[in-house]
Amino acid sequence: MLDIRYLRENLEEAEARLRSRGEGCTLTGFRELDDRRRTLLQESEQLKALRNRASEEIARSKDKSLVQERIAEMKEVSRRIKELDEVLSGVEEQLKMFLLTVPNFPALSTPLGKSEADNVEVRQWGSLPALDFTPKPHWEVGEALGILDFETGAKLTGARFTLYRGAGARLERALINFMLDLHTEKHNYIEMLPPFMVNRDSMIGTGQLPKFEDDLFKLEGLEYYLIPTAEVPVTNIHRDEILKGSELPIRYTAYTPCFRKEAGSYGKDTRGLIRQHQFNKVELVVFSHPADSAAELEILLGNAEQVLQLLGLHYRVMALCSGDIGFSAAKTYDIEVWLPGQECYREISSCSSFEDFQARRAAIRFRDGDKGKPEFVHTLNGSGLAVGRTVVAILENYQQADGTVIIPEALRPYMGGMERIGR
RNA sequence: GGAGAGAUGGCCGAGUCGGCCGAAGGCGCUCGCCUGCUAAGCGAGUAUACUGGGAAACCGGUAUCGAGGGUUCGAAUCCCUCUCUCUCCGCCA
């Protein structure tokens with residue numbers, strides 16, 4: 001959510017900043033709604049002040065006829081207040097809905113651009129694997145090894161669900177543990193295991209709702225949603241709290257499955273593990289002092305990159321342009337891993353700073369020292385990494401001519417010493 | 001699922017027959033005093049949001065005692081609904 005006072009005082013500037021996200025991001029109607037609200041509020045509050053004074057007078061006064069007169073007057077005042085408050089709460093609801101559906105401002109350091117094509121490559125790490133045969137896509141590798149079973153996944157549930165078997169299941173679990181250990185032991189994150197369903201307030205807090213309901217799985221008969229990312233429960237841990245400035249930055253990591261409807265992606269990435277309705281992810285979440293959030297984003301990105309480096313997987317880092325960053329994000333880096341079987345880079349992590357956008361929605365604040373006003377923290381998060389896509393990258397990059405897959409060294413301790421997945 | 005108890009400020013906890021209750025008291029915390037040091041003691045302060053005024057310090061108004069609604073001139077206090085927590089029984093990993 002954007003700062004309503006900033007909008008009030010800098011509406012033109014605000015619109016200009018939003019415009020870099022593309023068409024359709026306007027603030028039309030804000031001024032009128034905001035003015036209307038304040039006019040109604042002032043009138044209502046003045047009447048309430050009058051009523052409070054009269055009520056006190058009634059309580060103290062011994063003059064019966066004066067009391068009767070005041071009561072009669074206040075009866076009318078109360079009726080008027082009720083009328084005003086009904087209109088007011090309607091206007092406030094509209095204003096709130098409006099504010100909740102306006103996206104974040106892109107950060108100044110976010111490159112300007114209209115689409116994915118305008119994203120900027122920041123760096124590459126490693127090099128393309130030298131394979132002396134034609135690499136296969138991971139679904140072929142995985143099916144041939146009997147470790148990925150798409151057909152049975154579809155039988156059990158439907159399209160975009162996969163059954164992992166044997167070493168495949170083990171590989172997924174190994175990666176989760178490897179990532180969590182890395183982030184907790186080397187990068188100072190505290191491990192969390194949150195609920196995989198959250199309520200509506202949590203979804204509003206991080207920005208999934210009210211605008212993106214279509215992407216979420218909702219439980220029948222309950223206001224609970226399956227989480228699309230651990231970002232939601234983990235960021236909301238501190239919803240409605242005032243943290244101590246000295247506690248910041250707070251770093252949490254969490255493994256969770258993620259559930260996404262992937263509405264509007266019909267026909268896209270239909271084969272393999274790339275786009276599933278359910279996938280595993282290890283997430284990194286940081287609550288930062290506002291002054292440090294830019295530096296924290298670089299640290300977070302580095303922590304995610306470390307996973308790929310230890311696994312020896314070639315990748316590039318892209319700075320997303322203003323037209324491509326997500327609704328809540330001010331700045332986003334995507335890490336794209338090289339997939340030789342498909343001859344392309346694919347997103348395996350997305351690391352973002354939301355600045356105070358989520359903090360304002362979720363009321364996550366901090367106070368420096370003991371006096372001083374509470375301020376909104378900055379929130380950040382990133383995948384560290386998407387586990388299913390890491391399996392994809394390993395299968396494609398470490399496949400051998402004979403169809404077996406070498407297990408990256410760093411992962412072997414987590415695979416019971418296994419060095420290679422064969423038939 | 002059945003029966004009962006509860007939800008008050010950072011924490012504990014009071015709140016009488018509805019008014020003088022943003023809310024006693026204690027703890028904690030902050031500042032000051034005092035004492036070789038520490039502990040103890042003494043004094044003062046210590047919620048948040050919205051809103052009006054002001055360059056600001058700050059001053060005024062409104063709201064908030066789990067959430068929402070109702071009764072009333074007036075609700076932490078009375079009534080209704082919901083949520084959550086706890087205890088007992090049942091069931092269950």
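Proteins get letters first, then strands, A, B, ... in listed order; numbering begins at 1 in each.
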Interatomic distance, [X] [atom1] vs [N] [atom2] [rounded to whole Å]:
| X | N | atom1 | atom2 | value |
| --- | --- | --- | --- | --- |
| A:R70 | B:U72 | CZ | C1' | 18 Å |
| A:R367 | B:A47 | CZ | P | 9 Å |
| A:L99 | B:A49 | CG | P | 17 Å |
| A:R60 | B:G74 | CZ | P | 18 Å |

For [N], does OP1 or OP2 lie under 4.0 Å from any side-chain N or O of [X]?
| X | N | answer |
| --- | --- | --- |
| A:R38 | B:C50 | no |
| A:S78 | B:G74 | yes |
| A:R365 | B:U48 | no |
| A:Q42 | B:U51 | no |
| A:R51 | B:G74 | yes |
| A:N52 | B:G74 | no |
| A:R8 | B:U51 | yes |
| A:K48 | B:G74 | no |

Salt bridge or not between [X] and [Y]? Use side-chain N to carboxylate O under 4.0 Å.
| X | Y | answer |
| --- | --- | --- |
| A:E92 | A:R37 | yes |
| A:E83 | A:R79 | yes |
| A:D269 | A:R346 | yes |
| A:E43 | A:R80 | yes |

With rounding to the closest Å, how many angstrom separate the [atom1] atoms on [N] and [M]?
| N | M | atom1 | value |
| --- | --- | --- | --- |
| B:U46 | B:A23 | C1' | 15 Å |
| B:A14 | B:C21 | C1' | 12 Å |
| B:A55 | B:G70 | P | 40 Å |
| B:G26 | B:A7 | P | 22 Å |
| B:G18 | B:C78 | P | 8 Å |
| B:G74 | B:U81 | P | 23 Å |
| B:C65 | B:G19 | P | 16 Å |
| B:G61 | B:G22 | C1' | 15 Å |

For [N], give its Watson-Crick or G-U wobble partner with both distances under 3.5 Å, or none.
| N | answer |
| --- | --- |
| B:C58 | B:G53 |
| B:G10 | B:C27 |
| B:G1 | B:C89 |
| B:G32 | B:C42 |
| B:C78 | B:G70 |

Within the distance-only criterion (no hydrogens, no angle test), does the side chain of A:S352 pair as donor or acceptor with the backbone N or O of A:F354 below 3.5 angstrom?
no

Is A:E336 reaching over with its side chain to a backbone N or O of A:I348, donor-acceptor style, under 3.5 angstrom?
no

Would you state whether a donor and an acceptor, one from the side chain of A:E45 and one from the base of B:G61, lie under 3.5 Å apart?
yes

Want to settle it: does A:K75 or A:Q46 sit nearer the 5' end of RNA chain B, counting the closest nucleotide to each?
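It is A:Q46, whose closest nucleotide lies nearer the 5' terminus.
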
Using a heavy-atom cut-off of 4.0 Å across all strands, would you classify [X] as base, sugar-phosphate, or nothing?
| X | result |
| --- | --- |
| A:R53 | nothing |
| A:K82 | sugar-phosphate |
| A:I58 | base |
| A:A54 | nothing |

Per A:K373 side chain, nearest of listed nucleotides B:G19, B:U51, B:A49
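So the side chain of A:K373 is nearest to B:A49.
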
So if I take every side-chain heavy atom of A:M74 and compare against B:U62, B:U48, B:C73, which nucleotide ends up nearest?
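The answer is B:C73, which lies nearest to the side chain.
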
Is A:K218 atom NZ crowded by more than 12 heavy atoms from other residues, nucleotides or ligands, each under 6.0 Å away?
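Count over threshold, so yes.
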
